[in-house]
Amino acid sequence: MKIATWNVNSLKVRLPHVLDWLAAEQPDVLCLQELKMEDSVFPLAEIQAAGYQAVFHGQKTYNGVAILSRHAAVDVIKDIPGFDDPQKRIIAATIDDVRVICGYFPNGQAVGSDKFAYKLDWLAALTEWVRDELRQHPRLVLTGDFNIAPEDRDAHPAWKDEIHVSAPERAAFVALELLGLTDAFRLFDQDDKAFSWWDYRMNAFERNFGLRIDHLLISDPLVAECRRCWTDTAPRKLERPSDHAPVLIELTK
DNA sequence: ATGGCCACTCTAAGTGGA
């Protein structure tokens, strides 16, 4: 089973890239973030024509998440239960025997800002909810755009004490791991300076000034089955790319 | 590196992203 995550930064603009990538990589599950569109205009027909089903939770201009899958997605949850939030950032579903939680974590803008406080509140609510989800679904993946680079090696050295790398954000990431989740990327040898996002400005991609902020955290039964985790930088090289690259895991079952 | 980009929006500049 192959499970992927990709912040597409507008599904309207990136739909051709997504369809090409589905055909090339043939993932069983693809989690998308930053759709930036309402459900009424979600391109369901095009995705179905590519051989995928979809559940989605969209929003105009900002946010929006979706799970595309070969097989049916059931027990769908949208938003963090009990957390009052107008921003559409969470969708969860069970596909085959794996619980998939797809999240577009808040950016936070700047350490100490109102948006930073929202990010930490959101992370705390997420953590308590995922604890419950894990009890019900031992085979679980929490994936998406976390907007957190968990360690120094996950950020270009120019990023210091800023948003995405601050101590409170990294502590929140560790709190998720302490639920019994493992950063699949670090199960395997990886290249140095392996990132998943690069700024559109300053030729950041060509110079590899990036961050690793898109993750797949997997529960212990899936750790035992995980044989590969990698970032596919090919879509970042296309004309008019998303600023994020897809990240994938491959499970033996 | 800190800007210079990109997507979006009551199609103008302004907001937000990371």
Side-chain angles (χ1 to χ4, degrees), chain A residues 5-18 31-43 56-66 85-90 102-123 126 143-173 183 185 192-216 231 233 235-247:
Chain A
T5 182
W6 194 3
N7 178 326
V8 290
N9 185 19
S10 168
L11 184 56
K12 180 182 178 184
V13 173
R14 232 64 67 190
L15 182 62
H17 290 188
V18 170
C31 295
L32 299 176
Q33 302 90 38
E34 276 207 271
L35 308 182
K36 297 186 173 179
M37 58 168 50
E38 293 179 318
D39 289 349
S40 60
V41 294
F42 187 88
F56 41 91
H57 191 34
Q59 183 178 339
K60 187 180 180 181
T61 311
Y62 306 113
N63 313 310
V65 285
D85 187 2
Q87 303 187 25
K88 312 300 190 197
R89 297 183 173 278
I90 285 286
C102 168
Y104 174 48
F105 293 36
N107 175 300
Q109 199 164 59
V111 174
S113 66
D114 289 349
K115 288 176 181 173
F116 187 73
Y118 163 70
K119 183 175 192 173
L120 296 182
D121 287 347
W122 189 94
L123 283 160
L126 176 77
T143 188
D145 175 1
F146 284 55
N147 272 315
I148 300 171
E151 299 178 68
D152 285 347
R153 60 180 168 166
D154 299 314
H156 185 271
W159 287 84
K160 286 287 180 194
D161 303 322
E162 291 179 69
I163 196 68
H164 310 302
V165 302
S166 73
E169 291 166 89
R170 286 179 167 175
F173 189 90
D183 182 352
F185 194 74
D192 290 340
K193 297 184 178 176
F195 305 131
S196 66
W197 170 87
W198 301 263
D199 200 309
Y200 284 121
R201 296 168 291 184
M202 293 164 284
N203 289 316
F205 180 68
E206 289 74 11
R207 298 155 73 187
N208 198 28
F209 292 149
L211 300 171
R212 191 176 72 90
I213 52 177
D214 300 272
H215 307 296
L216 297 114
T231 305
T233 56
R236 188 64 178 77
K237 301 169 185 171
L238 299 171
E239 287 288 317
R240 219 178 169 190
S242 169
D243 42 359
H244 295 253
V247 185

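All values below were derived from every heavy atom in this structure, side-chain atoms included, with hydrogens, water molecules and symmetry-related copies excluded.
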task: Indicate yes or no for a side-chain donor-acceptor contact from A/Glu169 to the backbone of A/Ile148 under 3.5 Å, with no hydrogens or angles considered.
output: no
field: Euclidean distance, atom CE of residue A/Met202 to atom P of B/dG4 [Å, nearest integer]
entry: 8 Å
message: Can you measure A/Glu206 atom CD to B/dA1 atom P for me and round it to whole angstrom units?
response: 15 Å
statement: DNA chain B nearest-nucleotide lookup for A/Gly210 and A/Lys12: closer to the 5′ end is A/Gly210
task: Between B/dT2 and B/dG17, how far apart are the C1' atoms? Round to whole Å, please.
output: 15 Å
- prompt: Closest nucleotide of DNA chain B for A/Leu35 versus for A/Lys160: which of these residues is on the 5' side?
  reply: A/Lys160
Partners passing salt bridge (charged side-chain N to carboxylate O under 4.0 Å, His left out) against A/Arg14 (at least two apart in sequence or in another chain): none
- prompt: When the distance from CZ of A/Arg207 to C1' of B/dG3 is rounded to whole Å, what number comes out?
  reply: 11 Å
query: How far does the P atom of B/dG4 sit from the matching atom of B/dG14, given to the nearest Å?
result: 14 Å
message: Applying salt bridge (charged side-chain N to carboxylate O under 4.0 Å, His left out), can you list everything that pairs with A/Asp183, at least two apart in sequence or on another chain?
response: A/Arg212
field: Gap in Å between the two C1' atoms, one belonging to B/dG3 and one to B/dA18, rounded
entry: 15 Å
query: Are the ring centres of A/Phe209 and A/Trp198 closer than 6.0 Å?
result: no
- request: Whole angstrom is fine here: how far is it from CG in A/Asn203 over to P in B/dG3?
  value: 17 Å
statement: In B/S/- notation (B base, S sugar-phosphate only, - none; protein heavy atoms under 4.0 Å), nucleotides 13-18 of chain B written 5' to 3' is ---SBB
- prompt: For the pair made of CG in A/Leu15 and C1' in B/dA7, what is the distance, rounded to whole Å?
  reply: 16 Å
message: Is there a side-chain contact between A/Thr61 and the phosphate of B/dA7, meaning an N or O under 4.0 Å from OP1 or OP2?
response: no
message: B/dA7, OP1 or OP2 - any side-chain N/O from A/Arg240 closer than 4.0 Å?
response: yes
message: Can you check the distance between B/dC10 and B/dT15, where both ends of the measurement are the P atom (answer in whole Å)?
response: 14 Å
- prompt: Is the ring centre of A/His164 less than 6.0 Å from the ring centre of A/Trp159?
  reply: yes
NZ/NE/NH1/NH2 to OD/OE distance under 4.0 Å, A/Arg170 and A/Asp152: yes
task: May I ask you to decide if the ring planes of A/His215 and A/Phe173 are parallel, tilted or perpendicular, using 30° and 60° as cut-offs?
output: perpendicular
